Amino acid sequence: MSTFRFQQFSVIQQQSAMKVCTDALLFGAMAPVKVGDRVLDIGAGTGVLSLMAAQLGAAHVTAVELTLQGYEEAQLNFNNSPWPDRFEAVHQDIQGFSSTDQYHYDLIICNPPFFENHSKTADSLRTIARHNDSLSFDDLIKCADHLLSEQGLFYLLLPVHAVERFSASALIVGFYLSDQIDVRGYVHNEAKVSVLTFKRSKTEFCYSLLTIYESDRVYGKESECYLLPFLLRFSKG
């Protein structure tokens, strides 16, 4: 069984299309979770981002997952975690969930499918996870607008090339890009993904660039700082 072990929890990822990867780990570790937050994880997959949010102090996490395989695996990972009572796993598309859910969330996190018009794999689960046929950017923004509290944060991971178009669409409903962290592997690499935070009110825009690795298999100081509470390699026990 494929299992990724963290310091405080483990993630079984036998069935889910998208496995734990460095970009997702950093995205989860950097999430602007405040203690006591009600968090919504859109497209939860294995539930790894939900679990990281709980470790960071979220009081309740609702994890919405479209595929049955991902939902079942997330539910298993939640039940096996130190905080089973903090989670609610939902097997549903976010469009349907948004139309019926009555809660407003302090933080919405999403690592969305973002490929458009790319060649698709024969693996249907991986195709759903990577391509936005079932969740367009416009649909995602509309759902977030409906579900986010007035003072809440909309936090997501996108490829760098999609940031400008997504931000323009988000602005139409009143989401302002407040923080952008571009992430690159090494200092000689170009950034491929951006960690974005949107708010309902306009604030001073903050931009930064994060380099994951200092050298081969050696994390840079900033990325190590974020991952220190999570990865087994940094455990002092």
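If you're wondering where the values come from, they're calculated on a predicted model, not measured in any experiment.
Between Met52 and Phe9 the shortest side-chain heavy-atom distance falls below 4.5 Å. Under the 4.5 Å side-chain criterion, counting only non-hydrogen atoms from C-beta, Asp41 is not in contact with Thr62. Taking 4.5 Å as the limit, every side-chain heavy atom of Leu157 sits out of range of all side-chain heavy atoms of Leu196. Between Leu156 and Val195, the closest side-chain pair of non-hydrogen atoms is not below 4.5 Å. With contacts defined as side-chain heavy-atom distances shorter than 4.5 Å, the pair Leu177/Tyr207 does not qualify. Val11 places none of its side-chain heavy atoms less than 4.5 Å from the side chain of Thr3. Counting heavy atoms from C-beta on, the side chains of Asp101 and Leu147 come closer than 4.5 Å. Leu66 has its side chain out of reach of Tyr71: every pair of non-hydrogen atoms, C-beta onward, lies at least 4.5 Å apart.
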Please evaluate residues Val61 and Arg86 with respect to the criterion side-chain contact (heavy atoms from CB on, under 4.5 Å), reporting the C-alpha separation (whole Å), side-chain torsions for both, the decisive distance (0.1 Å), and the verdict.
CA-CA 6 Å; Val61 184; Arg86 295 195 204 175; 5.6 Å; no
Would Gln95 and Cys143 count as a side-chain contact (heavy atoms from CB on, under 4.5 Å) here? Give the steps.
CA-CA 6 Å; Gln95 296 94 328; Cys143 293; 4.2 Å; yes
side-chain contact (heavy atoms from CB on, under 4.5 Å) for Ser50 and Phe78? Distances and angles first, verdict last. CA-CA 9 Å; Ser50 296; Phe78 296 158; 3.7 Å; yes
* From CA spacing to verdict: side-chain contact (heavy atoms from CB on, under 4.5 Å), Leu148, His104 -> CA-CA 5 Å; Leu148 190 67; His104 284 146; over 6 Å; no
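Here His60 contributes atom NE2 and Phe87 contributes atom CZ; the two are 9.5 Å apart, rounded to the nearest 0.5 Å. Put simply, OG on Ser194 and CG on Leu210 are 11.5 Å apart, with the number rounded to the nearest 0.5 Å. Between the CD atom in Glu65 and the NE2 atom in His91 there is a gap of 7.5 Å [rounded to 0.5 Å]. Between the CG atom in Asp106 and the CD atom in Glu150 there is a gap of 12.5 Å [rounded to 0.5 Å]. Rounding to the nearest 0.5 Å places CG of Leu153 at 6.0 Å from CG of Leu107. Here the OG atom belonging to Ser81 is positioned 5.5 Å from the CG atom belonging to Leu51, to the nearest 0.5 angstrom.
Ring centroids of Phe198 and Tyr176 are separated by 6.0 Å or more, keeping the two rings apart.
Thr211 places no side-chain N or O within donor-acceptor distance of the main-chain N or O of Tyr213, the cut-off being under 3.5 Å. Here the side chain of Gln102 pairs a donor or acceptor atom with the backbone of Thr100 at under 3.5 angstrom. Listed for the Asn79 side chain is no donor-acceptor partner under 3.5 Å among the backbone atoms of Leu76. A donor-acceptor pair under 3.5 Å links the side-chain atoms of Arg200 to the main chain of Asp145, judged by distance alone. Here the side chain of His146 pairs a donor or acceptor atom with the backbone of Ser98 at under 3.5 angstrom. In this structure, Thr46 contributes its side chain and Ala74 its backbone to no donor-acceptor pair below 3.5 Å. A donor-acceptor pair under 3.5 Å is absent between the side-chain atoms of Ser167 and the main chain of Glu164, judged by distance alone. Listed for the Lys19 side chain is a donor-acceptor partner under 3.5 Å among the backbone atoms of Gln13. Remark: side-chain polar atoms of Ser223 are paired, donor with acceptor, to backbone N or O of Ile212 under 3.5 angstrom. Counting only distance, with no hydrogens or angles, the side chain of Gln14 and the backbone of Ser2 share a donor-acceptor pair below 3.5 Å.
When hydrophobic clusters are built by joining Ile, Leu, Val, Met, Phe, Trp and Tyr residues whose side-chain heavy atoms come closer than 4.5 Å, directly or via intermediates, Val163 is not grouped with Ile172. Residues Phe230 and Leu232 are members of separate hydrophobic clusters, defined by side-chain heavy-atom contacts under 4.5 angstrom among Ile, Leu, Val, Met, Phe, Trp and Tyr. No path of Ile, Leu, Val, Met, Phe, Trp and Tyr side chains, each step under 4.5 Å between heavy atoms, connects Phe205 with Val160, placing them in separate hydrophobic clusters. Linking ILVMFWY side-chain heavy atoms closer than 4.5 Å, directly or via other members, places Phe6 and Phe234 in a single hydrophobic cluster.
Side-chain atoms of Asn77 and Glu73 include no donor-acceptor pair closer than 3.5 Å. Looking only at atom types and distance, the side chain of Asp179 has no donor-acceptor partner in the side chain of Thr197 under 3.5 Å away.
Results of the side-chain contact (heavy atoms from CB on, under 4.5 Å) test with Ile108 over Ile94, Leu140, Ile42 single out Ile42 as the only residue that passes.
No salt bridge links Asp182 with Lys192; every basic N to acidic carboxylate O contact stays at or beyond 4.0 Å.
Between Leu227 and Ala29, the shortest heavy-atom distance links the atoms CD2-CB, 4.1 Å. Considering all non-hydrogen atoms of both residues, Ile141 and Ser169 come closest at CD1-CB, 3.5 Å. Of all heavy-atom pairs spanning Ala58 and Val39, the tightest one is CB-CG2, 3.7 Å. Nearest approach of Ala24 to Asn111, heavy atoms of both residues: CB-ND2, 4.2 Å.
Other residues, nucleotides and ligands contribute only 12 or fewer heavy atoms inside 6.0 Å of the OH atom of Tyr103. Atom CZ of Arg233 has more than 12 heavy atoms from other residues, nucleotides or ligands within 6.0 Å.
Cation-pi geometry between Arg165 and Phe137 is not satisfied (NZ or CZ under 6.0 Å from the ring centre, within 45° of the ring normal).
Between His188 and Tyr186, the ring planes are parallel. Angles under 30° get that label, and only those over 60° would be called perpendicular. Aromatic ring orientation, Phe154 versus Phe166: tilted (interplanar angle from 30° to 60°). Between Phe27 and Tyr155, the ring planes are parallel. Angles under 30° get that label, and only those over 60° would be called perpendicular.
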